[in-house]
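Worksheet: one structure, shown below.
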There are 4 protein chains.
Amino acid sequence: MEQRKSIPSMVKDPKLIEKRREQIIEAAVELFISKGFHKTTTREISRASGFSIGTLYEYIESKEDVLYLVCDAIHAGVEKGLQEVLVNGVSGAVMLEAAIEGFLRVMDQMQDRVLLIYQEIKSLPRETMRYVLAKEEEITGFFEEILHRGRRDGSLQIDENSVKLMAHNIVVLGEMWTFRRWSLRKDYTLEEFTKMQTSLILRELTDK
Amino acid sequence: MEQRKSIPSMVKDPKLIEKRREQIIEAAVELFISKGFHKTTTREISRASGFSIGTLYEYIESKEDVLYLVCDAIHAGVEKGLQEVLVNGVSGAVMLEAAIEGFLRVMDQMQDRVLLIYQEIKSLPRETMRYVLAKEEEITGFFEEILHRGRRDGSLQIDENSVKLMAHNIVVLGEMWTFRRWSLRKDYTLEEFTKMQTSLILRELTDK
Amino acid sequence: MEQRKSIPSMVKDPKLIEKRREQIIEAAVELFISKGFHKTTTREISRASGFSIGTLYEYIESKEDVLYLVCDAIHAGVEKGLQEVLVNGVSGAVMLEAAIEGFLRVMDQMQDRVLLIYQEIKSLPRETMRYVLAKEEEITGFFEEILHRGRRDGSLQIDENSVKLMAHNIVVLGEMWTFRRWSLRKDYTLEEFTKMQTSLILRELTDK
Amino acid sequence: MEQRKSIPSMVKDPKLIEKRREQIIEAAVELFISKGFHKTTTREISRASGFSIGTLYEYIESKEDVLYLVCDAIHAGVEKGLQEVLVNGVSGAVMLEAAIEGFLRVMDQMQDRVLLIYQEIKSLPRETMRYVLAKEEEITGFFEEILHRGRRDGSLQIDENSVKLMAHNIVVLGEMWTFRRWSLRKDYTLEEFTKMQTSLILRELTDK
DNA sequence: GATGAATGAGCCTTCATTCAT
DNA sequence: AATGAATGAAGGCTCATTCAT
């Protein structure tokens, strides 16, 4: 796994750093979502964070750092949501169904944030961007694992080299729900969408 | 269908306007793809277009106009590619297979451009953004129609209210190939990807 | 008298030059009055004149030339108005009364133009500016002469070295009516203003 | 009285704002007088003010704000000059004489600035322009009051509805001295001018 | 003579970042 | 640690003027 990038700070106290950076993230997420990264000024970020521009720069080195902080926090949020969904001691098929449903629920809640990552990731320095994309891959890996488990316990019919693709297909379901919302929502609720897509996938992966 | 936004120009000759705007689009696409809209300067655009900044502004009214021009051209490109793929006088199922393959080929060729639209669309003024999104919906409609045709001629089994979702799923295939390329390409070529996804869809829509 | 500045033209035919310059002046006066010299563009001038920007520059050498043309035309207008007012074969006192009345009428009609000169004269090149100011002095001279005549024919009591000042005072009456119109018009009509100021002056210059 | 327009500043300390704005005004007055508002660049203003362009914009919001600041300061200067001239406990006639003399002295000292206001006021946004013109009316009001006092204490003979006009005439004296200086100074010193005009007025307003 | 496309210097303004307090 | 005034590079855009057709 890629090394989490650590941003230097002028401040010594790690507790304080964490606290301030949470303030920064909370403020910046809202701003980036509503105005975009480029149209948000550092002054606005500091003001919304509750301190001065000088203080902001005690905890970051550049505006891009804020974007990184934000992207990282969003990913952490998605991952946390996914972990909560995991039920152990059940078949892969059952687990998959739960995971899809949970995943879509999380994506629904975080739609603006997820969109944000896709729209602004290019503004990150190459190296940092790679780290964020790696996070993305972790989520795919999460579903890969479930598919493998189902394969092993016989609850899912899927051949080895389709696993990856299917995992991608599932993750894309989430992105689809956030990216095409302006269109999908006219026709489906989250529940309908989840049900239809899940049944499509399970029909494919089971004997019906 | 939404009205194509027409951008005023100081220049009178329509032929010249078209020619110059093509130059602008060609130059700007490259720049936007590699640096993003915000980090590209109008001066860079004019230089890459082969004329001065003053001349650039004879053909547009603001930098945002360039983005619109670019988005519009990209959509036109995708649509043109799709039209070329349409074969008449065949069953819906056959047509669908060809359309998916053609669509993915176009998306593969235009991947950077498609990505660009998704990343910069937010920078467009509300009204213009709506127009671009409407274009997107047209592409979904294109697949809806094919599905309907297959439904009518009996070559595809799909119930009425799944048509829209399935059309979305197909279009998302294209976006997936552009958005997740950094990951998908490690495991699949375009041909493999196309084949696997097509068979998944057709298996679902036919009796096998 | 200062030499009227002659503006070179690319065009040979003097008739045409005059005709075109009249078009230019007519268009520019309106524009300068409503937007000011600096905020009016040469393109606007050419458009309002009824020809292209290229043609405009066939008849002038710079934007400042247009301002000069305009100022010159305005002065000519004022002078023409004054000439028409002159009645011969009457006493200086009678002539003065008529002249003041005529002068104020002209100033009232041309108020916007007169204001224009005062506001934009500074934008003229030094040399040209001097010429325009000289014109101004001619108008003062006009009243000086009338005062002298009245002095000579005994209809006005005024000593030699007050003549100039009084002439200035009269001319200033006209400027006053244009400059302070936003305030004066609330309290006086042109007729009232004329009558009151005239009686003030005549009371001073005659035995009553 | 119109509300003084308050210009927002990015800087919090009011003392500093006042100090910096004084620097700005001082620098801008000179520049505007010698080159005019439009030909003066914001960079020149900041440089002449002793700080960077960025700093300039910490204290104003637009170039027009500088013009407003300047006009406002000039009016304040004239008003201050007038206040200092007021002598109490004397007759209206005596007071008037002193006021005229003081007013003309102030106008003489501030001639360039007064001229500036008349020439550039049109560049101010409508609302702001109205405020500046209102200030102008205050000065007329100042003389109206003196005339009324003289009327009441019997030291001046003037009928009610001539008061306003006479006040205007007096103020115009000041403008005249600044506007026509290129001509008047050839013939009169400030003292001569003052003496002659004052005697003209007092002769009219007293029994001689 | 008329046209209008092309030019580019130059303008106003913004904003990420620094640093003295 | 926190503050916020200061900085100036850089950006979007305008417009007087030219010149080939």
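We name chains A, B, ... by the order of the sequence lines, and we start the count at 1 in each one.
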| said: Of the options F:dT18, F:dG4, E:dT13, whose atoms approach the side-chain atoms of A:Ile53 most closely? | reply: F:dG4
| query | Rounded to whole angstroms, how far apart are CD1 on A:Ile24 and P on F:dA2? | reply | 10 Å
| request: Return the orientation label for the C:Phe37 and C:Phe32 ring planes: parallel under 30°, perpendicular over 60°, tilted otherwise. | output: perpendicular
| D:Glu18: which of D:Lys15, D:Arg21, D:Glu22 passes side chain to side chain contact (heavy atoms under 4.5 Å, CB included) | D:Glu22
| request: Whole angstrom is fine here: how far is it from CD in D:Glu44 over to P in F:dG8? | output: 17 Å
| field | Under the 3.5 Å Watson-Crick or G-U criterion, the dot-bracket string of DNA chain F, with | for inter-strand pairs | value | .||||||||||||||||||||
| task | Would you kindly give the CG-to-P distance between D:Leu67 and E:dC11, to the nearest whole Å? | result | 18 Å
| note | When B:Lys63 and B:Gly54 are each assigned the nearest nucleotide of DNA chain F, the 5'-most assignment goes to B:Lys63
| said: Ignoring hydrogens, what is the shortest heavy-atom contact between B:Lys63 and B:His38? Give both atom names and the distance. | reply: NZ-O, 3.6 Å
| said: Can you measure C:Asp13 atom CG to E:dA2 atom C1' for me and round it to whole angstrom units? | reply: 14 Å
| Closest nucleotide among E:dG8, F:dA6, F:dG12 to the D:Leu16 side chain | F:dA6
| request: Please confirm whether any donor atom in the side chain of A:Arg47 sits under 3.5 Å from an acceptor in the base of F:dG4, or the reverse. | output: no
| C:Asp65 side chain to C:Ser62 main-chain N or O, any donor-acceptor pair under 3.5 Å? | yes
| said: Keeping A:Tyr68 on the side-chain end and A:Ile7 on the backbone end, is there a donor-acceptor pair under 3.5 Å? | reply: no
| remark: C:Thr42 and C:Leu56 have their tightest heavy-atom pair at O-CD2, 3.6 Å
| message | Output the rounded distance in Å from NZ (C:Lys35) to C1' (F:dC15). | response | 12 Å
| said: Return whichever of A:His38 or D:Ile60 has its heavy-atom-nearest nucleotide of DNA chain E closer to the 5' end. | reply: D:Ile60
| field | Touch class at under 4.0 angstrom, heavy-atom based, for D:Thr55 against every strand present | value | base
| said: For the CD atom on D:Glu26, are there more than 12 heavy atoms of other groups (residues, nucleotides or ligands in this structure) within a distance under 6.0 Å? | reply: no
| task | Using a heavy-atom cut-off of under 4.0 Å over every strand shown, decide if A:Thr42 touches base, sugar-phosphate, or nothing. | result | base
| task | Grab the CZ-C1' distance between C:Phe37 and F:dA16 for me, whole Å please. | result | 10 Å
| In terms of side-chain heavy atoms, does A:Ser46 have a donor or acceptor partner in A:Ser49 at a distance below 3.5 Å? | no
| Under 4.0 Å between a side-chain N/O of A:Tyr57 and OP1 or OP2 of E:dT17, yes or no? | yes
| In whole Å, what is the span from the CE atom of B:Met10 to the P atom of F:dT14? | 10 Å
| Touch check for D:Ser9, heavy atoms < 4.0 angstrom, all strands: base, sugar-phosphate only, or nothing? | nothing
| note | Taken to the nearest whole Å, CD/D:Gln23 to P/F:dA6 is 9 Å
| task | Determine: side-chain N/O of D:Tyr59 to OP1/OP2 of F:dA5, distance under 4.0 Å, yes or no. | result | no
| remark: Comparing nearest nucleotides in DNA chain F, the 5'-proximal residue of the pair A:Glu58, B:Ser62 is A:Glu58
| Under 4.0 angstrom between A:Arg20 side-chain N/O and F:dA2 OP1 or OP2 | yes
| Has the side chain of C:Arg43 got a donor or acceptor that lies under 3.5 Å from a partner of the other kind on the base of F:dT14? | no
| task | Quick one: label C:Ser46 by what it contacts on the DNA or RNA (base, sugar-phosphate, nothing), any heavy atom closer than 4.0 Å. | result | nothing
